[in-house]
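In what follows, a structure is listed as structure tokens, so that the remarks can point back to it.
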Amino acid sequence: MPPGTVRTTCPYCGVGCGLTATAGAGVPAIAGDPLHPANRGAVCSKAAALGETLGMQGRLRFPMVHGRRAEWGQALDLVARHFTDTVERFGPDSVAFYVSGQLLTEDYYVANKLMKGFIGSANIDTNSRLCMASSVAGHRRAFGEDVVPGCYDDIEQADLVVLVGSNLAWCHPVLHQRLLKARAERGLGIIVIDPRRTASCSEADLHLAIRPGTDVALFNGLFAEIERRGAVDREYVDAHTDGFADAGAAAFATAPTLAEIAEICDVPMHRLAIFYDVFIATQRVVTIFSQGVNQSSAGTDKVNAIINCHLATGRIGKPGMGPFSVTGQPNAMGGREVGGLANQLAAHMTFDNPEDVERVGRFWGSRDVASRAGLTAVDMFRAVEDGRIRAIWIMGTNPAASMPDAEAVRRALAACPFVVVSDCEAETDTTRFAHVLLPAAAWGEKDGTVTNSERMISRQRPFMEAPGDARPDWWIVSEVARRMGFSEEFPYRSPVEIFREHAALSAFENDGRRVFDLGAIAHIAELAYAALEPFQWPLPAGATSGAARLFADGRFATPDGRARFVATPYRAPGDAASEYFPLILNTGRLRDQWHTMTRTGKSPRLSGHSPEPTLVLHPLDAARLSVRDGGFARIVTNRGHALVRARLSDEVRYGDVFIPMHWTDANASSAVIGRLVNSLTDPISFQPELKHTPARVEAVTPRWRGYLLSRTFRVPDGAVYWARAAVPGGTMTELAGDREPEDAGAWARMLMGVEDGDGVLEFADVSRGVQRWARLVDGRLEACLFVTRDGGVDHLPPRDWLTELLGASSMDAEARAALLIGRRAGASVDAGRIVCSCFAVGMTALVGVLGSGEATSVEDLGRLLQAGTNCGSCVPELRELVDSHVPQVVSGTAA
Ligand code: SF4
């Protein structure tokens with residue numbers, strides 16, 4: 001490692017890749033950590049662009065009370081006083097914390113300890129509720145504890161990997177790269193089960209585009225088929241499990257025949273039969289599942305229907321096999337360990353067991369430990385809205401955008417008597433509701449641990465100073481706790497002290513009852529914590545290394561040591577399509593954005609991949625609804641509506657539509673998907689059904705459209721649609737509107753941030769309905785605005801050319817003239833949507849070399865354009881492009 005290099009962990013997804021940060025002249029250089037077992041030096045596009053997101057623009061630097069800068073003491077006193085008063089007057093359940101999978105384990109631990117241990121309520125829930133609560137519940141039902149049995153190596157050692165509701169290629173890219181490498185080396189099979197044809201299908205042997213929400217029927221059918229064909233591992237089932245008969249009966253009851261299952265799932269029977277044949281015939285099977293399974297009103301049953309199939313075949317806990325939940329967030333698992341979910345206690349202890357409540361109370365030295373589960377996310381904000389909760393503290397998350405029925409969440413926050421938000425960003429959809437804003441340290445400044453999807457605990461280490469008065473979350477919570485009268489119980493001066501206590505609690509009176517046990521490091525020294533290498537829990541006292549796999553001996557965490565089959569009768573999603581809402585809205589992630597874009601939205605490279613909020617709909621639906629590719633569409637549900645760009649593709653099923661989850665009011669006029677989705681939840685996990693909302697779509701044809709390129713962004717007045725994306729040196733804002741401004745010149749100057757006409761060039765091409773304005777300051781382009789009225793977007797100049805001009809230190813006469821006529825000499829084509837963000841390779845170049853025949857493979861695209869040769873995140877898209885542009889040869893004949 002070069003001197004000055006710090007080893008840390010990625011702040012994004014649950015793969016938990018190790019990264020290195022090396023100080024240099026400018027921002028630290030971020031790279032993959034070759035020594036980290038999760039990624040062995042690899043990174044994806046999001047991590048490769050982390051350096052672009054480390055700027056201080058938009059950071060919350062100082063505490064704010066009622067919109068005014070405050071000292072820490074003043075803000076902390078106010079928070080402590082308000083929470084204490086509210087608890088005294090209205091009881092412990094009148095307050096709540098809503099926290100985040102972005103918190104480090106140490107942050108999470110103190111927040112949970114304060115709420116459950118000393119305030120005496122379990123009203124602390126995490127945004128991980130939206131992500132993987134169904135997996136937690138499914139694990140607990142089957143294994144007796146929330147335990148992921150396998151490890152990433154299993155994915156490489158499998159002969160078949162089944163991806164269920166998981167776009168691994170985009171949401172867990174480095175894990176997908178490991179999968180593809182193993183496939184190239186060993187030829188393992190890949191089957192994708194997903195209503196959408198995602199990037200993960202590019203290398204799949206079989207894709208089952210099931211009807212949304214029918215996963216339970218599919219796996220019940222598999223379970224029944226396993227039994228029908230005599231493929232049950234009877235010895236294993238008899239020795240290590242319970243409940244086989246009941247689960248089998250429920251599975252058979254779903255649909256007794258292959259034809260009936262095919263009909264429920266709406267897939268061809270022969271393709272369904274292939275899946276069943278291959279699964280049953282292959283011993284080493286890993287079934288990876290993610291949000292497509294979890295975010296459902298039947299999410300827990302989906303998880304158990306999958307686990308049932310693995311238990312029936314004894315394929316669990318052994319190399320190359322097992323059910324595998326991959327988490328969305330960097331520390332969703334850490335939150336599960338400390339009890340960050342409202343229906344967990346701490347250290348995998350539960351409210352179901354009064355001895356656990358008493359045990360945790362003794363360990364913490366508290367008689368006020370909450371004795372029953374608290375309100376989970378959806379119910380928590382309902383309680384805020386109806387006044388049961390009168391003070392809420394939101395840490396590191398943006399529920400005003402990300403929660404289902406987000407408009408109700410906004411109403412709740414607006415009406416709540418006391419809202420505290422601790423965040424590293426100053427302006428989010430949620431911070432605007434805060435009475436008190438507390439500046440939190442961000443990634444690169446924080447110090448602690450995170451746990452990835454394979455139970456691997458890694459260190460996040462600081463390599464930058466926090467700006468202004470920003471402080472770590474654990475410090476903020478501890479300071480409030482001390483001010484609430486719990487000085488002795490929250491004495492922490494550093495994260496290692498918290499980690500030691502967390503590890504000690506995991507081992508406290510454990511005696512092998514709980515798998516989660518970090519007893520071996522309950523007394524870890526500060527230096528050892530600083531140098532802690534990644535390891536997989538459990539690590540009980542006396543152990544010198546963690547465990548890659550669990551349950552290999554057939555002993556589970558239930559009282560009798562047997563795993564449980566769970567009967568999972570199929571039920572259709574809670575809300576069905578109707579005459580008014582005939583389509584089904586699915587939501588999900590993009591490759592190059594993260595959550596509500598507060599970090600990734602700052603990167604021009606990442607923004608180039610999908611610069612606008614886009615609705616994907618099937619061409620036949622689009623034809624019926626008169627929606628054009630690249631045009632605009634309004635999507636309406638019984639909760640709200642959004643106006644977004646339309647893209648037509650048969651990657652979604654006829655009758656389904658898809659919108660990414662990332663846009664907020666900070667970066668688009670009307671694209672908050674949380675406002676659209678319903679708040680139905682799973683009855684066991686209480687996870688919301690984010691992937692199945694009935695909707696309708698209407699074509700929208702604005703009178704004018706255009707774009708604004710500017711160094712500084714301001715929300716554009718007078719547009720019905722706007723969406724902004726970072727570009728080098730500024731912001732590109734796409735615009736569309738219906739009303740003509742009374743004074744177009746004044747409107748343009750306002751958008752460009754200038755009050756008089758100084759330095760503003762104006763040109764109108766009446767015949768083509770185009771108007772152009774540009775503002776130059778000291779010979780440099782400061783802003784430009786282009787508008788077309790006839791819908792002829794071809795009349796607008798290429799955006800890439802103008803972005804280049806924005807980055808130039810000065811413009812010569814030729815460039816000024818070109819700007820005025822809206823055309824540059826020579827090439828004048830946009831690069832198109834960026835596919836390879838590492839080398840900024842756009843669609844135009846890729847399609848160009850594929851169309852000309854210069855390139856016929858992904859390798860050719862790498863050789864000619866460098867595309868896909870760095871992080872590899874775009875390779876699945878490149879493969880799709882090759883497949884769709886190069887004639888495939890079958891038996892010597894072009895097919
Ligand atoms: Fe970070 Fe996930 Fe990418 Fe790894 S795969 S570099 S953890 S975003």
Side-chain angles (χ1 to χ4, degrees), residues 7-21 28-54 101-102 104 128 131-132 151-152 155-156 163 166-182 198-200 288 290-291 324-334 442-444 446 449-461 534 588-603 605-606 609-610 660-662 836-838 868 870-877:
R7 292 175 66 204
T8 185
T9 312
C10 180
Y12 294 126
C13 82
V15 180
C17 296
L19 302 179
T20 60
I30 309 296
D33 179 356
L35 303 178
H36 197 289
N39 58 316
R40 303 164 190 153
V43 290
C44 73
S45 51
K46 286 189 285 292
L50 263 167
E52 290 178 30
T53 69
L54 296 175
Q102 306 289 311
L104 304 187
S128 298
C131 170
M132 35 86 293
C151 59
Y152 294 162
I155 293 166
E156 293 164 330
L163 299 176
S166 162
N167 183 5
L168 203 72
W170 279 16
C171 303
H172 301 91
V174 167
L175 205 49
H176 191 248
Q177 286 170 31
R178 286 182 63 169
L179 170 63
L180 294 194
K181 189 155 176 278
T198 64
S200 300
I288 294 177
S290 192
Q291 274 79 337
F324 205 130
S325 147
V326 286
T327 52
Q329 296 202 74
N331 199 29
M333 290 285 274
W443 182 78
K446 291 161 63 133
T449 54
V450 290
T451 308
N452 74 3
S453 300
E454 59 168 352
R455 291 175 280 103
M456 182 169 284
I457 295 179
S458 303
R459 292 279 278 110
Q460 261 196 24
R461 298 183 175 93
R589 294 179 175 182
L590 294 175
R591 189 192 76 189
D592 286 357
Q593 291 298 346
W594 177 254
H595 283 198
T596 55
M597 296 167 75
T598 48
R599 190 197 309 273
T600 47
K602 292 176 178 170
S603 162
R605 269 206 280 173
L606 297 179
H609 181 248
S610 301
M661 60 179 267
H662 307 290
C836 169
S837 53
C838 293
N870 186 36
C871 76
S873 296
C874 62
V875 167
E877 280 175 277

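Remember, predicted model here, so these are calculated numbers, not experimental data. For ligands, and for the atoms within them, numbers begin at 1 and follow the listed sequence.
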> Using a distance-only test with no angle check, is there a side-chain donor-acceptor pair under 3.5 angstrom linking Ser603 and Thr53?
Replying inline: no
>> If the cut-off is 4.0 Å to any non-hydrogen atom of Tyr12, which atoms of ligand 1 fall inside it?
In response: 8 (S)
> Do Pro37 and Met456 have side chains that get closer than 4.5 Å, going by heavy atoms?
Replying inline: yes
> If you count the atoms of ligand 1 from 1 in the order shown, which ones are under 4.0 Å from a heavy atom of Cys13?
Replying inline: 2 (Fe), 5 (S), 7 (S), 8 (S)
>> Can you tell me which portion of Ala47 lies within the under-4.0 Å heavy-atom range of ligand 1? Options are side chain, backbone, both, or neither.
In response: side chain
> Which protein heavy atom lies closest to atom 3 (Fe) of ligand 1, and at what distance to 0.1 Å?
Replying inline: Cys44 SG, 2.3 Å
> Does Cys10 approach ligand 1 within less than 4.0 angstrom via side chain, backbone, both or neither, non-hydrogen atoms only?
Replying inline: side chain
> Should His595 and Gln329 count as side-chain neighbours, where that means a heavy-atom distance under 4.5 Å?
Replying inline: yes
> Short list, please: which atoms of ligand 1 are under 4.0 Å from a heavy atom of Pro173?
Replying inline: 5 (S)
> Does any non-hydrogen side-chain atom of Arg7 lie less than 4.5 Å from one of Arg459?
Replying inline: no
> Do Asn331 and Thr451 touch side chain to side chain, with heavy atoms closer than 4.5 Å?
Replying inline: yes
> Between Glu156 and Arg40, is there a side-chain N and carboxylate O pair less than 4.0 Å apart?
Replying inline: yes
> Which atoms of ligand 1 sit under 4.0 Å from any heavy atom of Gly16?
Replying inline: 7 (S)
> Less than 4.5 Å apart, any side-chain heavy atom of Cys10 and any of Trp443?
Replying inline: no
> In the protein, what heavy atom is nearest to atom 4 (Fe) of ligand 1, and what distance, to one decimal place, separates them?
Replying inline: Cys17 SG, 2.3 Å
> Under 4.0 Å from any heavy atom of Val174, which atoms of ligand 1 are there?
Replying inline: 4 (Fe), 5 (S)
